[in-house]
Amino acid sequence: TETRIIMDETAIRRALTRIAHEILEKNKGIEDCILIGIRTRGIYLAQRIAERIQEIEGKPVPFGELDITGYRDDQDNGRSTGINSSTMLTPANLTIRNKKIILFDDVLYTGRTIRAAMDALMDCGRPEMIQLAVLADRGHRELPIRPDYIGKNVPTSKLEEIEVRLSEIDGSDQVNIMQH
Ligand code: 5GP
Ligand code: MG
């Protein structure tokens, strides 16, 4: 396996700072916005952006976590069977109705996870709008989904894989591309 670094700690920090500013610019502030991270690493990205926005704007941004295990459409086990949507979005008292949701994930690939995330969210209430932020977009979409905020575009072959390391769980910040 051949590994190449495509983002180091500094590059990740700069990309997240840029995305925080892009979110503020696009939404003309942070009024009515909720940042929602998709388990696992999307949660840390949303958390970091929430911290930066708080530093820039001086006010807190509502923040949540989404676990969409069971909603994926490509596991061939019957979609969302037996899943209680109220257990997927935390904190449980988060109200997304009429809010602007900004979804965070680490890597965007076929788009199926984001479609599932949007399904899960819609079951929790009707947001005014959903936007998407990803640290790396590796291409190969199978659905008409495109991110509003991108850390880095990383054209990949289907044989390659992106490794996202975040200090909160991986001990360091780095994005690598791995050729199997
Ligand atoms: P998709 O559903 O768009 O095909 O894949 C995106 C989801 O799978 C994301 O939640 C992401 O974490 C994971 N994923 C897909 N491809 C990669 C990859 O190359 N590297 C990593 N780290 N995650 C990936
Ligand atoms: Mg993931």
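Quick caveat: nothing in here was measured; it's all calculated off a predicted structure. All values below come from the heavy atoms of this structure, side chains included, with hydrogens, waters and symmetry mates left out. For ligands, and for the atoms within them, numbers begin at 1 and follow the listed sequence.
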Legend entry - Working for salt bridge (Lys or Arg N to Asp or Glu O under 4.0 Å), residues K100 and D32: CA-CA 6 Å; K100 296 183 204 168; D32 293 327; over 6 Å; no

Would you say ligand 1 has an N or O under 3.5 Å from any N or O of [X]?
{"X": "D106", "value": "yes"}
{"X": "G111", "value": "yes"}
{"X": "E161", "value": "no"}
{"X": "I162", "value": "yes"}

Should [X] and [Y] count as an ion pair when the cut-off is N to O under 4.0 Å?
{"X": "R48", "Y": "D173", "answer": "yes"}
{"X": "K26", "Y": "E22", "answer": "no"}
{"X": "D170", "Y": "R41", "answer": "yes"}

Inset, instruction - Would you check whether I38 reaches within less than 4.0 Å of ligand 1, judged by its heavy atoms? - result: no

Inset, instruction - Using non-hydrogen atoms of the residue, decide whether R39 is closer than 4.0 angstrom to ligand 1. - result: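 Yes, R39 has heavy atoms under 4.0 Å from ligand 1.
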
Legend entry - CZ (R14) with more than 12 external heavy atoms under 6.0 Å: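 No, the 6.0 Å shell around CZ holds no more than 12 heavy atoms from other groups.
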
Legend entry - Per-residue contact class, R138 against ligand 1 - non-hydrogen pairs under 4.0 Å: side chain

Legend entry - Pick from I114, T110, I177, L108: the one approaching atom 4 (O) of ligand 1 most closely through a non-hydrogen atom: T110

Inset, instruction - Among I36, I49, I38, find the one that has a side-chain contact (heavy atoms from CB on, under 4.5 Å) with F104. - result: I49

